[in-house]
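See structure below.
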Amino acid sequence: MASALPLGDPAPADGLLPASAAVGADDRAFGVYIHVPFCRVRCGYCDFNTYTSDELRGARQVDYADHAIAEIRMSRQVLEASALPARRASTVFFGGGTPTLLPADDLVRMLGAVRDEFGIEQGAEVTTEANPDSVGPDDLLRLAAGGFTRVSFGMQSAVPHVLAALDRTHDPARVPLVVGWARDAGLDVSLDLIYGTPGESLVDWRRSLDQALAQEPDHLSAYALIVEDGTKLARQIRRGELAAPSDDLEADMYELADELLAAAGYEWYEVSNWARDASHRSRHNLGYWRGDDWWGVGPGAHSHVGGVRWWNAKHPSAYADRVTAAVSPAVGREVLDAPTRETERVLLLTRIREGIDIASLHTGGRHAVAGLIADGLIDAKAALSGVLTLTRTGRLLADAVVRRLLDESSELSSRT
């Protein structure tokens, strides 16, 4: 079952944004996220807003591109009416679900709508996610010819029993094939891995890392498995059919990944992401972590512009009904207050390699820095130059670092 939408205020039917959203917009990058909510099979660990064919209740995959294009056109009108400055998209990201379950020509049409309505910056990053069994060489050639620059394959593991525990259906032997086809098409390649799956050993994880590195991807993501409430995996663990992930083993797996990736010439730039060099970092995801603006297209998609966050109707049929009626698909939103925006700024910037300027922290947060250095959680040399950057141990405990920065700030504020 996909996760529920957050609580918030009702979004206006016309989608118009408050005047505060336009403040400082010229200084923020603008990205577009297009959610394609279709999957052949629902993976047991997944709580994303995705649907298999028997869950669509009247919505049709064949109509989806037209509905998304209608929202893209509406989005430009909303931003113009809300007095937002015209900005070209610097990144476009197709996620899901499995975007490549749609014909490549549909993905190219949706990208064309972004180009027509907003313009796309020269040298923009344009990515689609794909499962290894959802694309062939012709699909990738069509995507590249249509303006895509990058593909992110959901490899997850190279070990059959781990893939089976995750309900992933692709053959690990297909990964080298699709990577080769993407290279032949001129696309950059990212591989996504998951670690901490029930039954996965450190030896299994090393095998997956070794096979991923053998493909020489431009970018690699490695995410610890999270057991989400309401998923098949959560039910299996609750019934004792599978063991819960081990925090200690996951920490060992993270350290092994960082060691092997560093030895192979990859640099970490966000807690769960590594790239061959700075030019291959995911610029779209960096926009999230830096607090830039993005419009999220599609069922359940989230958007953020200038401290205003909103989300669309969740089910594809409800989404289709709204855009067909020329009503904003947004059903809820929140205008973030200053304390919330500061909390999110610290939370997100702390996760990336560039870190956060220590001088920009509240007084209490600055006072926490010495203790974080002493505990080996932040880089002492970087701190001396005024930047808070996590060490490897700090990356494992990133949430704890943020809590200390914010708790110290809150504690000091309460005394003054």
From Leu193, Val162, Leu249, Ile194, residue fulfilling side chain to side chain contact (heavy atoms under 4.5 Å, CB included) relative to Trp205: Leu193

Side-chain donor-acceptor pair under 3.5 Å between [X] and [Y], yes or no?
X      : Y      : value
Glu55  : Thr52  : yes
Arg168 : Asn131 : yes
Asp248 : Ser246 : no
His161 : Asp204 : yes
Arg345 : Ser360 : yes
Thr98  : Ser134 : no
Asn312 : Glu71  : yes
His219 : Tyr269 : yes
Asp321 : Thr324 : no
Asp14  : Ser328 : no
Asn49  : Tyr51  : yes
Ser221 : Asn273 : yes

Just verifying a value: how many Å separate [X] [atom1] and [Y] [atom2], rounded to the nearest 0.5 Å?
X      : Y      : atom1 : atom2 : result
Glu334 : Thr340 : CD    : OG1   : 7.5 Å
Met155 : Arg174 : CE    : CZ    : 14.5 Å
Gln236 : Tyr45  : CD    : OH    : 13.5 Å
Ser152 : Leu191 : OG    : CG    : 7.5 Å
Leu405 : Ile356 : CG    : CD1   : 7.5 Å
Trp181 : Asp139 : CH2   : CG    : 9.0 Å

Before accepting this row, confirm whether a basic side-chain N of the pair [X]/[Y] lies closer than 4.0 Å to the acidic partner's carboxylate O.
X      : Y      : result
Arg341 : Asp337 : no
Asp258 : Arg395 : yes
Arg281 : Glu354 : yes
Asp66  : Arg109 : yes
Arg42  : Asp167 : no
Arg404 : Asp375 : yes
Arg183 : Asp218 : yes
Arg88  : Glu121 : no

Take Val331 and Trp311 through the test side-chain contact (heavy atoms from CB on, under 4.5 Å) and record every step on the way to the result. CA-CA 6 Å; Val331 294; Trp311 44 90; 4.0 Å; yes

For [X] and [Y], work out which heavy atoms get closest and say how close.
X      : Y      : result
Pro18  : Val335 : CG-CG2, 4.2 Å
Leu260 : Asp210 : CD1-OD1, 4.1 Å
Val178 : Pro132 : CG1-O, 3.2 Å
Leu396 : Ala251 : CD2-CA, 3.9 Å
Ala165 : Thr197 : CB-CG2, 3.6 Å
Arg283 : Ser90  : NH1-O, 4.2 Å

Any side-chain heavy-atom pair of [X] and [Y] under 4.5 Å:
X      : Y      : result
Leu107 : Thr100 : yes
Pro245 : Glu200 : no
Trp295 : Val78  : yes
Tyr254 : Tyr223 : no

From the list Phe118, Tyr288, Phe30, Tyr33, ring pair (Phe, Tyr, Trp, His ring centres under 6.0 Å) partner of Trp294 resolves to Tyr288

Check: His304 side chain, Asp292 main-chain N or O, donor-acceptor pair, under 3.5 Å: yes

Hey, do the aromatic rings of His284 and Phe94 have their centres closer than 6.0 Å? no

Candidate pair Leu187 and Leu140, rule side-chain contact (heavy atoms from CB on, under 4.5 Å), full reasoning: CA-CA 8 Å; Leu187 296 166; Leu140 294 163; 3.9 Å; yes

The test is salt bridge (Lys or Arg N to Asp or Glu O under 4.0 Å); show your working for Asp26 and Arg87 and say whether it passes. CA-CA 8 Å; Asp26 285 325; Arg87 290 174 292 172; 5.9 Å; no

